[in-house]
Q: 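If you scroll down you'll find the structure; I have some questions about it.
Letters go in sequence order (proteins before strands), and every chain restarts at 1. The shown structure was predicted, so the numbers you read here are calculated from the model rather than taken from an experiment.
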Amino acid sequence: MPELPEVETIRRGLEHYLVGHKIVDVEIRVPKLFEGNPKDVIDGKVKKVRRFGKGLVIDLSNGYSLAIHIKLTGQLIYRDKKTEDEPVSKEKVGTLPSKLTHVIFELDKGARLYYNDARRFGWIKVVKTDEVGNLPFFKSMGPEPFKDLTLEYFKKVLMNSNLAVKPLIMDQKRIGGIGNIYANDALYYAKIDPRRPAKTLKDSEIKKLYEGVHKVMEEGMKYGGSSELNYVNVLGQEGSYQDHTLAYGRQGDICERDGGRIQKIYLGGRGTYVCEKCQK
DNA sequence: AGTATCCTGGAA
DNA sequence: TTCCAGGATACT
């Protein structure tokens, strides 16, 4: 599921392939995903691509931006004459456009940007660049790992909440970018039970968890993200972090630290993976 | 703090 | 055929 490492991988790809391209036309096949006037982005040239937590912003030269959230199953795939011959994931993407393609950005020089989304949870919004920060999702976003999430702030968030630590660190308003996969793995790394009320964590545990969050997300980016679900990069290729998770998706596996078995439980309605022997 | 909602492909 | 997946929001 796209979290910070997946969305950052996409951002880098978009930055690399999109900057300099002009948007020539927009084809909207599923209107509910698209907000704002598509005409406002036509003739706009891509200046840069930003990421805030799990959200993306494509800034154009004409004062408008595309704010995008791919939620669980969104894909942004770039194709041009050069990349056309590089195969996209047959399983996750198929032939473009597919029946899951809901928006197509026609770019200059014969290039295209496809937005696919199996579950149609994602959104694309046209907004003035200087109003991006007013969108509720961006406005309420907390500080994020690798950026402005300091250990001091992290400590403060955890110490002041009775919430179970896992749903707490996944709250985008408090901390941006952490989702289910990396929350599970970071907690496993730090040997902390995801159900622990956050304020019961000791300083040393908070520090270890902070370290774990960064560690597992770094691994995520190293492996090009997790393609457990529909995630692919802008070339339509899968990542492989799903083969390197510490705890996520590993129910029944033996914990290599102590030989315990990783259990799947539900916490806050979400699949949660925990070795009860070493995660206390 | 837990639960329903959106939505649908794919697994069971 | 039913159920599950979960990011974010909106309820209760």
Side-chain angles (χ1 to χ4, degrees), chain A residues 1-11 29-35 51-57 67-76 89-95 97-103 115-125 134-142 144-145 157-158 160-187 193-200 217 220 225-232 238 241-242 245 247-252 264-274:
Chain A
M1 297 97 257
E3 306 176 28
L4 189 151
E6 287 74 25
V7 180
E8 175 60 18
T9 305
I10 292 172
R11 190 203 66 77
R29 300 181 169 191
V30 178
K32 86 167 271 280
L33 301 178
F34 199 97
E35 225 174 87
R51 179 188 58 75
F52 299 95
K54 305 172 195 173
L56 286 164
V57 179
I68 302 172
H69 198 308
I70 66 172
K71 292 286 180 84
L72 296 169
T73 53
Q75 302 173 329
L76 284 161
S89 164
K90 200 159 257 163
E91 199 197 322
K92 309 282 183 191
V93 182
T95 328
S98 74
K99 58 179 194 283
L100 301 178
T101 301
H102 306 321
V103 181
Y115 181 71
N116 297 353
D117 194 341
R119 282 170 211 166
R120 304 185 179 189
F121 279 8
W123 44 254
I124 299 175
K125 301 177 190 208
N134 295 333
L135 291 173
F137 177 75
F138 292 100
K139 195 174 189 137
S140 62
M141 172 86 53
E144 43 176 298
V157 167
L158 272 75
N160 289 320
S161 175
N162 264 323
L163 263 184
V165 57
K166 180 169 171 259
L168 178 73
I169 62 170
M170 288 170 64
D171 179 355
Q172 304 301 299
K173 291 182 172 63
R174 291 175 162 109
I175 300 164
I178 304 176
N180 203 28
I181 296 174
Y182 297 97
N184 273 292
D185 280 7
L187 285 157
D193 190 310
R195 294 162 289 196
R196 282 263 298 282
K199 61 164 57 160
T200 68
M217 286 196 166
S226 165
S227 291
E228 169 86 7
L229 272 183
N230 297 44
Y231 166 78
V232 289
E238 297 171 34
Y241 183 72
Q242 68 277 12
T245 58
Y248 182 85
R250 300 212 172 275
Q251 68 270 34
K264 182 177 187 185
I265 59 169
Y266 284 91
L267 178 56
R270 305 244 165 74
T272 300
Y273 304 86
V274 55

Q: For DNA chain C, report each stem as range with range, ordered by first number, or say none. Use Watson-Crick or G-U wobble pairs under 3.5 Å, at least 3 in a row.
A: B:1-6 with C:7-12, B:8-12 with C:1-5

Q: Roughly, in whole Å, what's the span from CZ in A/Arg174 to C1' in C/dA8?
A: 14 Å

Q: Using whole Å, what does the distance between atom P of nucleotide C/dA5 and atom CD of A/Gln242 come to?
A: 17 Å

Q: Between A/Asn116 (side chain) and A/Ser98 (backbone), is there a donor-acceptor pair under 3.5 Å?
A: no

Q: Would A/Asp171 and A/Lys173 satisfy salt bridge (Lys or Arg N to Asp or Glu O under 4.0 Å), going step by step from the backbone distance to the final call?
A: CA-CA 5 Å; A/Asp171 179 355; A/Lys173 291 182 172 63; 5.4 Å; no

Q: Using the P atom as the point on both nucleotides, what is the distance between B/dG9 and C/dA8, in whole Å?
A: 22 Å

Q: Please work out if A/Gly271 contacts a base, only the sugar-phosphate, or nothing of the nucleic acid, heavy-atom cut-off 4.0 Å.
A: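 A/Gly271: backbone/sugar contact only, no base atoms under 4.0 Å.
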
Q: Under 4.0 Å between a side-chain N or O of A/Tyr266 and OP1 or OP2 of B/dT3?
A: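 No.
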
Q: Counting just side-chain N and O atoms, does A/Tyr231 come under 4.0 Å of either OP1 or OP2 of C/dA5?
A: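 Checking A/Tyr231 against C/dA5: no side-chain N or O falls below 4.0 Å of OP1 or OP2.
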
Q: Checking A/Phe121 now: which residues fulfil ring pair (Phe, Tyr, Trp, His ring centres under 6.0 Å) with it, not counting sequence neighbours?
A: none

Q: Looking only at atom P, what distance separates C/dA5 and B/dT3, rounded to whole Å?
A: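 Pairwise P distance, C/dA5 against B/dT3, rounds to 15 Å.
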
Q: Mind running salt bridge (Lys or Arg N to Asp or Glu O under 4.0 Å) on A/Glu144 and A/Arg51 for me, showing each step along the way?
A: CA-CA 11 Å; A/Glu144 43 176 298; A/Arg51 179 188 58 75; 2.8 Å; yes

Q: In whole Å, measure the gap between the C1' atoms of C/dG6 and B/dA11 for me.
A: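 To the nearest whole Å, 16 Å.
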
Q: Taking atom C1' of C/dG7 as reference, at what distance in whole Å does atom CH2 of A/Trp123 sit?
A: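 These atoms are roughly 11 Å apart.
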
Q: What is the distance from CE of A/Met141 to C1' of C/dG7, rounded to the nearest Å?
A: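 From A/Met141 CE to C/dG7 C1': 11 Å.
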
Q: Once you apply a heavy-atom cut-off of 4.0 Å, does A/Lys264 come out as touching a base, just sugar-phosphate, or nothing?
A: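 Here A/Lys264 touches the backbone only, sparing every base.
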
Q: If I pick the C1' atom on C/dC4 and the same atom on B/dA4, what distance separates them, to the nearest angstrom?
A: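 Nearest-Å result for B/dA4 against C/dC4 at atom C1': 16 Å.
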
Q: Please report the distance separating the P of C/dC3 from the corresponding atom of B/dT5, rounded so that it comes out in whole Å.
A: 15 Å

Q: As a test of reading the structure: which of B/dA1, C/dA5, C/dG7 is closest to the side chain of A/Asn162, going by heavy atoms?
A: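 The answer is B/dA1.
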
Q: Testing the 3.5 Å rule here: is there a donor-acceptor pair between the side chains of A/Ser227 and A/Lys92?
A: no

Q: Which residue pairs pass the salt bridge (charged side-chain N to carboxylate O under 4.0 Å, His left out) test when at least one of the two sits in residues 176-187 of chain A, sequence neighbours left out?
A: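 Residue pairs with at least one partner in residues 176-187 of chain A: there are none.
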
Q: Generate the contact string for nucleotides 6-12 of chain B. Rules: B means base contact, S means sugar-phosphate contact only, - means no protein heavy atom under 4.0 Å.
A: BBBB---

Q: Applying ring pair (Phe, Tyr, Trp, His ring centres under 6.0 Å), can you list everything that pairs with A/Phe138, at least two apart in sequence or on another chain?
A: A/Phe52

Q: How close or far is atom P of C/dG7 from atom CG of A/Leu4, stated in whole angstroms?
A: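 Whole-Å distance recorded here is 13 Å.
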
Q: Could you check whether any side-chain N or O of A/Thr73 sits under 3.5 Å from a backbone N or O of A/Asn230, counting only pairs where one atom can act as donor and the other as acceptor?
A: no

Q: Mind checking if A/Leu229 touches a base, just sugar-phosphate, or nothing, with heavy atoms under 4.0 Å?
A: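 Since no nucleic acid heavy atom lies under 4.0 Å of A/Leu229, the category is nothing.
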
Q: What integer distance in Å separates A/Leu163:CG from B/dT3:P?
A: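 Interatomic distance, CG of A/Leu163 to P of B/dT3: 14 Å.
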
Q: If the cut-off is 4.0 Å, is A/His69 near the phosphate of C/dG7, judged by side-chain N/O to OP1 or OP2?
A: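 So the side chain of A/His69 is outside the cut-off, no N or O lying under 4.0 Å from OP1 or OP2 of C/dG7.
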
Q: With rounding to the nearest 0.5 Å, note down the distance linking CD in A/Gln242 to CG in A/Leu229.
A: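 The distance works out to 10.0 Å.
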
Q: Tell me what A/Ile70 touches on the nucleic acid: a base, only sugar-phosphate, or nothing, going by heavy atoms under 4.0 Å.
A: nothing

Q: What about A/Tyr241 and A/Tyr182, are their ring centers closer than 6.0 Å?
A: yes

Q: Under 3.5 Å, side chain of A/Gln172 to main-chain N/O of A/Met170, donor-acceptor pair present?
A: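 Such a contact is found between A/Gln172 side chain and A/Met170 backbone.
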
Q: Between A/Lys125 (side chain only) and A/His69 (backbone N and O only), is there a donor and an acceptor less than 3.5 Å apart?
A: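 Such a contact is absent between A/Lys125 side chain and A/His69 backbone.
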
Q: Output one line per pair: protein atom, nucleotide atom from nucleotides 9-11 of chain C, and distance, for all N/O pairs under 3.5 Å.
A:
unit_1 : atom_1 : unit_2   : atom_2 : d
C/dT9  : OP2    : A/Lys173 : NZ     : 3.2

Q: Donor-acceptor check, side chain of A/Asn184 to backbone of A/Tyr273, threshold 3.5 angstrom: yes or no?
A: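 Yes; judged by distance alone, with no hydrogens or angles, the pair exists.
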
Q: Rounded to whole Å, please give me the gap between CG in A/Leu267 and C1' in B/dT3.
A: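 Distance check: A/Leu267 CG to B/dT3 C1' gives 14 Å.
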
